[in-house]
Every structure is written in C-alpha cells, then in structure tokens.
Amino acid sequence: MRNVRVVLGVMIVTVAASCSVLGRNAFTEPLVSLRNVQVNGIGLNGGSLEVLLNVYNPNGFRLDATRLTYKLMVDTIPFGTGATDSNFTVAGKDSMVVRLPIRFSWAGVGEAGRELLNTGTVDYRVLGDITVGSPVGSFTVPYDRRGQFSTLRGRGP
C-alpha cells in the first residue's frame, strides 16, 4: 500500500511538472514598447509626463495583467521609475495602451534634457517587467526596448 502511494505521488508530481512546461511552451511573451510621451506640465524645477506604453499580446488567448513595472531612461540617464498595479486585459492578437505618470526634475535630466531642448530628439530606453495571468498559468516577463523620441514626430522607428 505504501508503494502505491509513493508511485501515485511521483505520478502526480510528474504530471504537474509536465503541465507547467506545456503551459510555458504555449505562452508567448507580450511585447511592450514606448508609444508616446505626453508632457502634462513644465515648471522651473521640473515637470510631469505621461508615458504611453503599447502592450501587444501575440497569443491566441487573453492576458490579464496584474502588475507592470517601468524604468524610463533618456540616453543613459534614469528619467523615472514606477509600477502600476491597475489591472488591465489584452485580448488575444491585440494590443492596448497603458498610461504611466512620471514626475521629473531638471537637475535629474541634465544633458539629456538639454539635448531634447536643443535638437528636439533623444534616445530612450524603457524596461521593466509585466505580470500576466492566462489560461496556461501566470508569468512575470521582462521587457526592454530602445528607440528615439522626437518632440516633432513622437516615437522614432
């Protein structure tokens, strides 16, 4: 009887591990990219922005996001960080725009801020992770995107 319990326990663990691997293989990570940056206000000491991230779900099933962390860098200078625990859902093969507020100081922006004012263009990097639930399990996946932002035309290619 004891041997039957041990064999049954091993079988249950093996099946659970197999389901986890199959679920992970059926899951394709969402793609997060910077869509735009909107200036909400500028003052003598700094200002506030709203960063618009596009979250694309390449899977054939919906993803229920429960957390998204972000770090925005202008050139190599950290510009703003944060997290949102606001739940949002991205349908399968669809995308959604997530709005993230960032406050900044001119002292923290330094050379990148001067470059933006002088040329209207700066290189950016947005990175973090997103936690999603799906029919095949819950996953926390990192994202890291680079690009160029222009005040004249928005996000570059």
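- Partners of Thr81 by side-chain contact (heavy atoms from CB on, under 4.5 Å), not counting sequence neighbours, listed by chain and number: Lys71.
- To the nearest 0.5 Å, the span separating CG on Leu34 from CG on Leu100 amounts to 9.5 Å.
- Residues satisfying the salt bridge (charged side-chain N to carboxylate O under 4.0 Å, His left out) criterion with Arg67, sequence neighbours excluded, are Asp85.
- The list of ring-ring contact (aromatic ring centres under 6.0 Å, His included) pairs with a residue in residues 34-75, not counting sequence neighbours, is empty.
- For the atom pair Leu52 CG and Gln38 CD, the distance stands at 4.5 Å (nearest 0.5 Å).
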Can you give each donor-acceptor pair under 3.5 Å made by side-chain atoms of residues 88-99, sequence neighbours left out, with the distance rounded to 0.1 Å?
| from | atom 1 | to | atom 2 | distance (Å) |
| --- | --- | --- | --- | --- |
| Thr89 | OG1 | Asp64 | OD1 | 2.8 |
| Lys93 | NZ | Pro58 | O | 2.8 |
| Arg99 | NH1 | Glu50 | OE1 | 2.9 |

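- With rounding to the nearest 0.5 Å, the separation of OG in Ser48 from CD1 in Ile102 is 10.5 Å.
- The line from CG of Asn45 to CD1 of Ile42 is 12.5 Å long, rounded to the nearest 0.5 Å.
- Sorted by first and then second residue, the salt bridge (Lys or Arg N to Asp or Glu O under 4.0 Å) pairs with a member in residues 119-143 read Arg125-Asp144; sequence neighbours excluded.
- Here the OG1 atom belonging to Thr131 is positioned 8.5 Å from the CG atom belonging to Leu68, to the nearest 0.5 angstrom.
- Once rounded to the nearest 0.5 Å, the distance linking CD of Glu29 with CZ of Phe27 reads 6.5 Å.
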What verdict does the side chain to side chain contact (heavy atoms under 4.5 Å, CB included) test give for Val32 and Asn54, after you've listed the backbone C-alpha separation in whole Å, the side-chain angles of each residue and the deciding distance to 0.1 Å?
CA-CA 6 Å; Val32 180; Asn54 189 65; over 6 Å; no
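- When each of Leu63, Leu31, Thr28 is paired with Asn57, the side chain to side chain contact (heavy atoms under 4.5 Å, CB included) condition holds for Leu63 and for no other.
- Legend: residues meeting salt bridge (charged side-chain N to carboxylate O under 4.0 Å, His left out) with Asp75, ordered by chain and number and at least two apart, are absent.
- Other residues, nucleotides and ligands place more than 12 heavy atoms under 6.0 Å from the CG atom of Asn118.
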